[in-house]
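Chain naming here is simple, since letters A, B, ... match the order of the sequence lines and numbering starts at 1 in each. Everything numeric here is computed off the predicted structure, so don't read it as measured data.
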4 protein chains.
Amino acid sequence: MPNDIQALQQALREFARERDWEQFHSPRNLATALSVEAAELLEHFQWLTDEQSRTLAPDRVEAVGAEVADVFLYLLQLADRLGIDPIQAARSKLEVNARKYPVELARGSSAKYTDF
Amino acid sequence: MPNDIQALQQALREFARERDWEQFHSPRNLATALSVEAAELLEHFQWLTDEQSRTLAPDRVEAVGAEVADVFLYLLQLADRLGIDPIQAARSKLEVNARKYPVELARGSSAKYTDF
Amino acid sequence: MPNDIQALQQALREFARERDWEQFHSPRNLATALSVEAAELLEHFQWLTDEQSRTLAPDRVEAVGAEVADVFLYLLQLADRLGIDPIQAARSKLEVNARKYPVELARGSSAKYTDF
Amino acid sequence: MPNDIQALQQALREFARERDWEQFHSPRNLATALSVEAAELLEHFQWLTDEQSRTLAPDRVEAVGAEVADVFLYLLQLADRLGIDPIQAARSKLEVNARKYPVELARGSSAKYTDF
């Protein structure tokens with residue numbers, strides 16, 4: 001039985017095939033669309049303070065959720081096209097990050113963030 | 001038992017807590033980081049033709065996979081902070097898109113893409 | 001005598017022609033590169049508070065200046081390719097914005113920012 | 001007499017002051033807004049082929065011009081806030097690029113683009 005992500009990728013494949021949209025869905029185009037959607041997500045936060053962003057009104061959360069979905073759907077399609085398993089890629093990256101930022105060195109410091 | 005996404009979100013929560021990084025992970029900051037990572041993903045494709053992007057060399061696919069992971073990890077953290085279920089949001093959006101682009105009208109046309 | 005911007009655009013045209021890079025400089029590719037550079041600019045600010053961003057160290061300002069330059073150079077090339085006069089376009093947009101956000105309504109309010 | 005860019009920056013300063021918007025215009029916020037506008041510019045090209053992007057219809061060029069203006073206006077405000085001279089920064093970067101990509105090595109090759 002496919003897991004949630006595989007089921008979504010299967011549904012997206014059918015969605016594109018039924019509409020003959022595979023021709024538009026090159027990895028390059030999908031990466032571009034993903035980046036555009038990520039900016040639409042960011043737009044919701046662009047004039048907010050960090051504090052305001054932690055206490056969004058429910059209707060704003062719902063609008064953000066729709067943008068999260070757009071980013072996610074393009075990410076799943078891009079991964080599918082390139083044969084990348086997003087869950088496995090995320091796990092590997094998390095292990096890389098754990099080695100890169102050891103707890104004892106990274107604790108409470110934003111140095112990670114400002115040094116790269 | 002948590003599914004794959006919930007397990008990743010749990011691991012990310014622990015990762016941030018151990019490093020005392022929750023202070024940096026406001027929704028606003030996470031949305032910004034997500035957008036920056038999406039651009040790093042796009043950077044791999046920026047000078048390629050659509051055709052070249054369909055036939056990436058394996059080492060390029062691996063590098064793209066690492067960027068896919070970065071985007072995914074920030075997306076999961078942002079969704080977690082805002083109480084958004086990414087799978088459910090994606091399913092809802094797919095239904096919205098199905099109503100918005102009926103097969104018979106959208107077939108083979110990029111009008112969807114150029115009209116909005 | 002060409003103004004500063006026209007002189008830069010002329011230099012950029014020669015730069016691309018000498019390297020036979022015009023083939024890569026489609027408006028689409030230039031818009032992609034511009035967006036990638038804008039994210040590299042944003043990356044400098046992604047974990048900073050608003051306050052920290054107002055008091056950058058000189059070496060950080062210099063690094064930001066290099067990214068400002070990258071964005072500007074792609075913007076000038078894109079405008080040049082499409083026959084857009086960036087100064088004139090900016091002036092027109094500023095007039096549009098002045099009508100859109102009358103002083104008496106917009107004063108001291110971030111409503112502009114959160115309502116769209 | 002101020003040049004075109006200085007005149008625009010002066011007008012932008014007055015625009016923000018009249019509306020008491022300086023409080024929102026931290027370098028961080030301006031960099032975020034710039035990135036969001038760059039994505040709106042990119043959105044016009046996201047499903048186009050390179051060839052289609054070279055032959056835009058006049059109304060599309062006009063719409064792109066409005067986004068070029070938005071990017072430019074935020075770039076000028078960000079530079080102004082940080083004391084960066086955009087023309088000078090662009091000239092310096094062009095010199096750096098000329099050393100980095102010598103004509104004899106870079107000619108006709110997209111290696112520049114795929115190697116970084």
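Atom CD of A:Gln23 sits about 11.5 Å away from atom OG1 of D:Thr49, to the nearest 0.5 Å. Here A:Trp47 contributes atom CH2 and D:Leu30 contributes atom CG; the two are 5.5 Å apart, rounded to the nearest 0.5 Å. A distance of 13.5 Å separates CG in D:Asn29 from CZ in A:Phe45, rounded to the nearest 0.5 Å.
The local environment of CD in A:Glu62 is sparse, with at most 12 non-hydrogen atoms from other residues, nucleotides or ligands closer than 6.0 Å.
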